[in-house]
Amino acid sequence: MSDFASSALNRVIIHLDLDCFYAQVESVRLGIDPASPLCVQQWDGVIAVNYAARGYGISRHDRVDTVKEKCPSCVLVHVETVGFQDQHFQEKDNSNVTEHSHRKSETKVSLDRYRDASSRIFKVLSSFVDRCEKASIDEAYLDVSEELKMDTEERAYYFETKFQPFGEVNAQIPESLLIGCAFAAKIRYAIYSQFHYTSSAGIAENKLLAKLGSSMHKPSQQTLISPQSVPYLLESLPLKKLRSLGGKLGTLIEEKTNARTAKEAQSITLEEWNEIVGRDTAEWIYNLVRGIDYSPVNAREITKSILAAKTFKAESSWEGLEKWIKLLAYELCERLSKDQAMNSRRPANLVIHYSSVGHPSCSKSIPFPCGKDKVHLLTQNAMKLLKTAKNFRFPCSRLSLSVSRFHSITSEANSISTFLRVDEGRHTNDVPSESIQVPSVIGLPENSLEKSISNMNDGPLEKYSDIKSEPGENEDYILAKRLQEEEWSKLRNTKIHANDDERRIKRKKKGQLQTLDHFFRPSSEEKRS
DNA sequence: ACGGGTTAGACC
DNA sequence: TGGTCTAAC
């Protein structure tokens, strides 16, 4: 609300990171002991490895054969896949059946499970903090500078924190950061008690340092990077460990300088940075290697774009491509429908990406089409876009559909201002004309005022015509609500003592120093489902 | 063995 | 604005 937090000189930032997130989601969902090795499989590879499996030397990027060699007892859970089964969209291809059901050549991966788990977690986060930024499906930055009122007993939580090596727990550490540690522990504990997911956290004055902290002690622990420990930390820290220097930019710097650690890079002057990276990024990097980062935590818990993609074996016919586009369109529409029910918004932009073998990938975009049968509309538009794209060629091996530029359609759904805003940027399609360079959009109605307004009220929520829904208003919203309710009632049944806070503080008073790890690794009889 | 599906942001 | 490229998970 106010800008105080982001402009304050001494901020308190938490970076929160769920441990091997996909693996945890599956292990909780299937009721598998987190102490037994588990990997999440995607086709022939694994994309998430739990800590027990890491103990066997298994890493992401291993193939399933290798995983089985390294640990024959490792549980492999395939990600959810979606596809068509004779004309019908097959929503959930249940994972723990045979590998055979995951037909790479007919289905695509769906990350829905993890997105759902993620959004439930973010609801908890936002119940604790106003300024919460979704950094990825399993990571968040929290600016708690303004939320640091906490009574003395609760502050005892900060003893859960690992302090950065060389740092000391002493009076030098700003009180605010210590309370931040207590806050982080409290939040992590809430996530654990509600979902049984463990997480790691870093607590520091800025995002850069907080992110470094969260990765220092994993899993299920948290780390404070105190201001006075920063010089020691940066002394031995490889340059490439700094956020955004992990890729080509980091390599470029290594090539052009002798610096390999952040400390070494501190001897590079602003002028020299100008030469190396250009004026725009010079000052930013100059600060970065000193552990200085002014970037604010932007309050945003939902994504700015939604994408569905598929890589497939080289395809050379329009019919073959259309099959994939249809599947992508279907998945996209499902997610959009849910998104709209939850976030009261809809996209203004539709993009198709395509990669032909041996060529760099390209993309084309159009205003998001308006109309009833969205799956059909998206499919038609995407096909047309491909057919008219000058640089499209067979064989094609990858396609994606994505949407972006969301506009809110909340309270003022009926207002003219919304109507004008949502419709703007679409007017080029009022006169679909092949002669104009701007690609036209198939299916835009003759744009009568009535039609557009009716689309606004119940329109975007409409399901696809082949899955008809009652004409009643906001059916999707009601459905989403109900699903949400069911989720929550499930959670309520497995609820873990709401007053654990008090219980643990009492224990502490008794002089039994407990660590969060104790809570995060419940004994087996404490576990449920 | 940089897999495959997602997201965000910078840049021209 | 549209499109490409980079970085990250």
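All values below were derived from every heavy atom in this structure, side-chain atoms included, with hydrogens, water molecules and symmetry-related copies excluded. Residue numbers start from 1 in every chain, and the chains themselves are labelled A, B, ... in the order their sequence lines are given, proteins ahead of strands.
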Which part of the nucleic acid, if any, lies within contact of A:D138, taking any heavy atom under 4.0 Å across all strands shown: a base, the sugar-phosphate backbone alone, or nothing? sugar-phosphate

To the nearest angstrom, the CZ-P distance between A:R115 and B:dT6 comes to 6 Å

Minimum-distance nucleotide (side-chain atoms of A:R405 versus B:dA8, B:dT6, C:dG2): C:dG2

Quick one: is C:dG3 close enough that its OP1 or OP2 comes under 4.0 Å of any side-chain N or O from A:K364? yes

A:C362, nearest nucleotide to its side chain (from B:dT6, C:dG2, C:dT4): C:dT4

With a 4.0 Å cutoff (strictly under), does any side-chain N or O of A:T281 reach OP1 or OP2 of B:dA10? no

Would you call the rings of A:Y192 and A:H196 parallel, tilted or perpendicular, taking 30° and 60° as the class edges? parallel

Stacking between A:H61 and B:dG3, defined as ring centres under 5.5 angstrom apart with planes under 30°, is that present or not? yes

Output the rounded distance in Å from CG (A:L249) to C1' (B:dA10). 12 Å

Judged by each residue's nearest nucleotide on DNA chain B, which is more toward the 5′ side, A:Q42 or A:T66? A:T66

The nucleotide from C:dC9, B:dT6, C:dG3 with an atom nearest the side chain of A:S363 is C:dG3

With respect to the side chain of A:K310, which nucleotide from C:dC9, C:dT4, B:dG5 is positioned closest? B:dG5

If I take atom CG in residue A:D62 and atom P in nucleotide B:dC2, what distance separates them, rounded to the nearest angstrom? 12 Å

OP1 or OP2 of C:dA8 versus the side-chain N and O atoms of A:K134: is any pair under 4.0 Å? no

Determine the contact category for A:A135: base if any of its heavy atoms lies under 4.0 Å from a base atom, sugar-phosphate if only primed atoms, P, OP1 or OP2 are that close, otherwise nothing. nothing

Rounded to whole angstrom, note down the P distance from B:dA8 over to B:dG4. 22 Å

Is any side-chain nitrogen or oxygen of A:K304 closer than 4.0 Å to OP1 or OP2 of B:dA8? no

If only side-chain N and O atoms of A:S365 are considered, is one of them under 4.0 Å from the OP1 or OP2 phosphate oxygen of C:dG3? yes

How long is the line joining CZ of A:F312 and C1' of B:dG5, in whole Å? 14 Å

Think A:R300 has a side-chain N or O under 4.0 angstrom from the OP1 or OP2 of B:dA8? yes

If you compare every side-chain N and O of A:S305 against the phosphate oxygens of B:dT6 (OP1, OP2), does one of them come in below 4.0 Å? no

Does A:R63 put a side-chain nitrogen or oxygen below 4.0 Å from OP1 or OP2 of B:dC2? no

So, OP1 or OP2 of C:dA7: does either fall under 4.0 Å of a side-chain N or O from A:K240? no

Does the cation-pi check pass for A:K207 over A:Y141, that is, NZ or CZ under 6.0 Å from the six-membered ring centre and within 45° of its axis? yes

Value in whole Å for how far the C1' atom of B:dT7 lies from OH of A:Y114: 17 Å

A:E80 has an atom CD; how far is it from atom P of B:dG5, in whole Å? 14 Å

Short N-O contact, A:R243 and A:D293, less than 4.0 angstrom: yes

Cation-pi check, A:R290 to A:Y286: give yes when NZ or CZ is under 6.0 Å from the six-membered ring centre and within 45° of the ring axis, no otherwise. yes

Could you check whether A:G45 gets within reach of a base, just the sugar-phosphate, or nothing at all, counting any heavy atom under 4.0 Å? nothing

May I ask you to check whether A:W318 and A:F392 place their ring centers less than 6.0 Å from one another? yes

Starting at CD of A:Q41 and ending at P of B:dG4, how long is that distance when rounded to a whole Å? 14 Å

Can you tell me the distance, in whole Å, between the CG atom of A:L328 and the C1' atom of B:dT6? 13 Å

Answer yes or no: are there more than 12 heavy-atom neighbours, outside A:K387 itself, under 6.0 Å from its atom NZ? yes

Hey, does A:L245 reach any base, or is it just sugar-phosphate, or nothing, if we go heavy atoms under 4.0 Å? sugar-phosphate

Report yes or no: does A:N381 contribute a side-chain atom to a donor-acceptor pair with the main-chain N or O of A:L377 at less than 3.5 Å? yes

